[in-house]
Protein chains: 2
Amino acid sequence: MASSSTARGRTGRPPVTSREQILAAALQLIERRGWQRLTIRALAAELGIGTTTLYHHVRDREDLLVQLIGEVVAQMDRPELPADPQERIVVAMTTVHDTLAAIPWAAEVLTVDGFMGRLGDTSVWIVEEVLAAAVQAGSSPERAVEVFRHLWYYTAGEILVRARSAVGPLDRDRLLPEGQTLFGAREASTVPTLAAIGDRWPQITARDTYAEGLRTFVRGLLGPQRREHSG
Amino acid sequence: MASSSTARGRTGRPPVTSREQILAAALQLIERRGWQRLTIRALAAELGIGTTTLYHHVRDREDLLVQLIGEVVAQMDRPELPADPQERIVVAMTTVHDTLAAIPWAAEVLTVDGFMGRLGDTSVWIVEEVLAAAVQAGSSPERAVEVFRHLWYYTAGEILVRARSAVGPLDRDRLLPEGQTLFGAREASTVPTLAAIGDRWPQITARDTYAEGLRTFVRGLLGPQRREHSG
DNA sequence: AAGACTTAGCGAACACGTTCCGAAATTAGC
DNA sequence: GCTAATTTCGGAACGTGTTCGCTAAGTCTT
């Protein structure tokens with residue numbers, strides 16, 4: 001099944017198509033026709049190889065998409081990080097966030113495959129920086145991991161939910177089965193808040209909501225009240 | 001296209017299969033064979049109807065799964081909420097979280113379809129409660145919406161990421177292309193934190209990490225320093 | 001050099017989601 | 001009752017991801 005633990009040299013027939021060629025062709029195909037149209041068959045045809053040959057380079061389609069995002073994330077620019085630990089965390093996390101959010105198809109793919117649980121492994125320097133900053137701010141290593149977890153949950157959720165909420169107003173028609181009002185609240189809300197918000201809800205999505213929430217979360221997770229806590 | 005706004009009486013051939021029958025059969029099929037094996041064809045065969053007939057009750061497979069989760073969430077128990085606004089928010093959000101996290105296939109489906117952006121519409125009372133509590137804690141209605149957004153991002157991300165991270169240790173072999181170490185850190189980490197954590201990373205997942213992070217986030221978003229803020 | 005082993009390549013086939021389009025069943029209007 | 005409209009039903013077909021089993025092309029061992 002899996003290759004043994006010893007790093008054995010390559011053997012067998014050398015592939016006529018390299019991993020780089022496959023990923024490059026896939027990216028090109030995505031740019032040209034969108035990620036939904038990136039089919040195994042089309043990619044194989046683009047590369048001039050048989051359809052099933054791709055399965056020797058990629059486990060399945062999901063794996064292909066994961067590797068594609070991983071490639072993009074790996075080439076992410078490493079920004080200059082401020083000295084203050086909390087700000088450093090904010091900048092680092094915002095960088096990943098913006099990178100993923102900037103790839104139009106990334107969020108879509110993220111909803112489809114299981115990349116979220118693995119991104120922490122791919123972009124190492126972010127994990128490193130956040131953990132180190134948390135430790136510098138006074139956390140134990142274990143606590144630092146938890147801090148990173150919380151922040152990553154928030155980041156992942158923001159990307160996924162916001163990408164899905166922005167698909168357009170047709171979602172309303174798609175969601176409601178029949179005759180049901182949005183939120184079920186506009187007609188008779190037990191709480192005045194929902195009625196007050198009403199239809200403005202979808203519009204209130206501010207662009208930099210993420211960074212603000214992130215900063216608040218970091219502040220809550222790392223301090224400042226922890227400075228006065230000695231035990 | 002869509003039926004007009006007036007509630008017109010039903011006409012045409014009456015369906016031989018009701019929405020409830022479809023959802024019930026689908027849930028039963030999920031319990032028996034897992035959600036991945038819930039195919040349109042199998043569900044139609046189970047109901048004794050033609051395959052394509054299902055498409056008159058459900059837009060597509062994704063829609064079917066969304067409706068299934070919606071059904072489960074809609075029957076969620078409404079817990080007793082404490083008086084304190086912050087605690088009320090914590091309990092409310094934890095309830096949704098636990099409901100979704102308790103359905104083994106829900107988190108998987110959530111990763112697949114676009115349910116995340118719509119759940120806020122389905123379970124109304126949670127939105128109501130959180131918004132009202134935020135307002136009671138001193139937020140404006142617009143600010144309350146932002147607070148809910150942040151908390152929902154965190155909740156959604158936690159469910160998705162944790163579900164995906166828990167698929168098992170085979171993920172390691174699946175992720176790493178060739179000869180790459182996990183985190184790229186065990187051999188030479190520029191930051192001591194990662195090396196210190198090392199292999200313990202996957203094990204540190206505490207069960208109630210979510211509630212703790214949620215409480216911290218709520219506290220950061222709503223106060224307590226806001227109580228002393230009068231303008 | 002020869003065989004064993006390992007890997008890449010590929011055609012055929014299967015199950016699946018989905019669309020097309022026509023047939024059947026029911027109601028509304030006359 | 002008859003026709004038209006409207007709705008459900010479902011077979012056929014297309015494109016898809018994936019597996020099976022095989023052949024070809026290399027590498028390693030002897």
Side-chain angles (χ1 to χ4, degrees), chain A residues 1-4 6-23 25-26 29-30 33-68 108-109 112-114 174 177-178, chain B residues 1-4 6-22 25-26 29-30 33-68 108-109 112-114 174 177-179:
Chain A
M1 313 259 178
S3 56
S4 55
T6 58
R8 39 163 60 251
R10 323 207 90 273
T11 178
R13 179 177 178 174
V16 73
T17 310
S18 69
R19 195 185 101 102
E20 286 72 22
Q21 286 176 343
I22 293 178
L23 295 184
L29 223 54
I30 284 183
R33 300 164 46 175
W35 76 272
Q36 315 225 33
R37 294 267 215 279
L38 173 62
T39 70
I40 297 285
R41 286 175 151 97
L43 178 57
E46 183 80 9
L47 289 165
I49 62 179
T51 307
T52 59
T53 303
L54 268 177
Y55 284 85
H56 285 278
H57 300 85
V58 160
R59 175 153 310 201
D60 47 19
R61 199 178 104 102
E62 173 178 321
D63 190 39
L64 171 67
L65 295 171
V66 168
Q67 288 198 38
L68 280 179
E108 297 282 343
V109 172
V112 165
D113 59 38
R174 237 191 117 159
E178 44 185 61
Chain B
M1 313 259 173
S3 58
S4 55
T6 59
R8 40 159 64 247
R10 325 205 90 272
T11 178
R13 179 177 177 172
V16 74
T17 311
S18 69
R19 196 185 100 103
E20 286 73 21
Q21 285 176 344
I22 293 178
L29 223 54
I30 285 184
R33 300 164 46 175
W35 77 272
Q36 315 226 34
R37 294 264 214 276
L38 172 64
T39 70
I40 296 285
R41 285 176 151 96
L43 179 57
E46 184 80 9
L47 289 165
I49 62 179
T51 308
T52 60
T53 304
L54 268 177
Y55 285 86
H56 286 275
H57 300 85
V58 159
R59 177 155 308 202
D60 47 20
R61 199 178 104 102
E62 173 179 321
D63 190 39
L64 171 67
L65 295 171
V66 167
Q67 288 198 39
L68 280 178
E108 297 282 343
V109 172
V112 165
D113 59 38
R174 243 193 112 159
E178 45 185 61

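Quick note on labels: first sequence line is chain A, next is B, and so on, each numbered from 1.
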If you take atom types as modelled and just measure distance, does the side chain of A:T52 reach the base of C:dG11 with a donor-acceptor pair under 3.5 Å?
-> yes
Can you tell me how far C1' of C:dA8 sits from CZ of A:R19, to the nearest Å?
-> 17 Å
d(CD, A:Q36; P, C:dG17) in whole Å | 17 Å
Considering only C:dG9, D:dC9, D:dT18, which nucleotide approaches the side chain of A:I40 most closely?
-> D:dT18
Start at the 5' end of DNA chain C and walk down; is the nucleotide closest to A:T17 or to B:L38 reached first?
-> A:T17
With no angle test and no hydrogens, is the base of C:dG17 tied to the side chain of B:R41 by a donor-acceptor pair under 3.5 Å?
-> yes
Residue among B:D63, B:V58, B:I30 satisfying side chain to side chain contact (heavy atoms under 4.5 Å, CB included) with B:L68 | B:I30
Side chain B:R13 and base D:dT7 donor-acceptor under 3.5 Å = no
Could you state the atom-to-atom distance from OH of A:Y55 to P of D:dC20 in whole Å?
-> 13 Å
Residue mapping more 5' on DNA chain D - nearest nucleotide basis, A:H56 or A:R37 = A:R37
Rounded to the nearest Å, what distance is computed from the CG atom of residue A:L54 to the P atom of nucleotide D:dT16?
-> 14 Å
A:T11 side-chain N/O to D:dC28 phosphate OP1/OP2 under 4.0 Å | no
Work out which heavy atom in B:L54 is nearest to a heavy atom in B:I40; give both atom names and the distance.
-> CD1-O, 3.5 Å
Spacing of A:D60 atom CG relative to D:dT16 atom C1', expressed in whole Å = 14 Å
Heavy-atom closest pair (B:L47 atom, B:A25 atom, distance to 0.1 Å) is CD2-CB, 3.7 Å
Can you check whether A:H57 has a side-chain N or O nearer than 4.0 Å to OP1 or OP2 of C:dG9?
-> yes
With respect to the phosphate group of C:dG17, does any side-chain polar atom (N or O) of B:R61 fall under 4.0 Å of OP1 or OP2?
-> yes
Spacing of B:L43 atom CG relative to C:dC16 atom P, expressed in whole Å | 12 Å
Whole angstrom value for the distance that separates C1' of D:dG10 from CG of B:L47 = 14 Å
NE2 of B:H57 to CD1 of B:I22: how many Å apart, nearest 0.5 Å?
-> 4.5 Å
Separation of A:R37 CZ from A:L43 CG (nearest 0.5 Å) | 15.5 Å
Over how many whole Å does the gap from A:I49 atom CD1 to C:dG11 atom C1' extend?
-> 14 Å
Which of D:dG17, C:dG9, C:dT18 is nearest the side chain of A:V16? It is C:dG9
Indicate, with a heavy-atom threshold strictly under 4.0 Å, whether B:T39 touches base, sugar-phosphate, or nothing.
-> sugar-phosphate
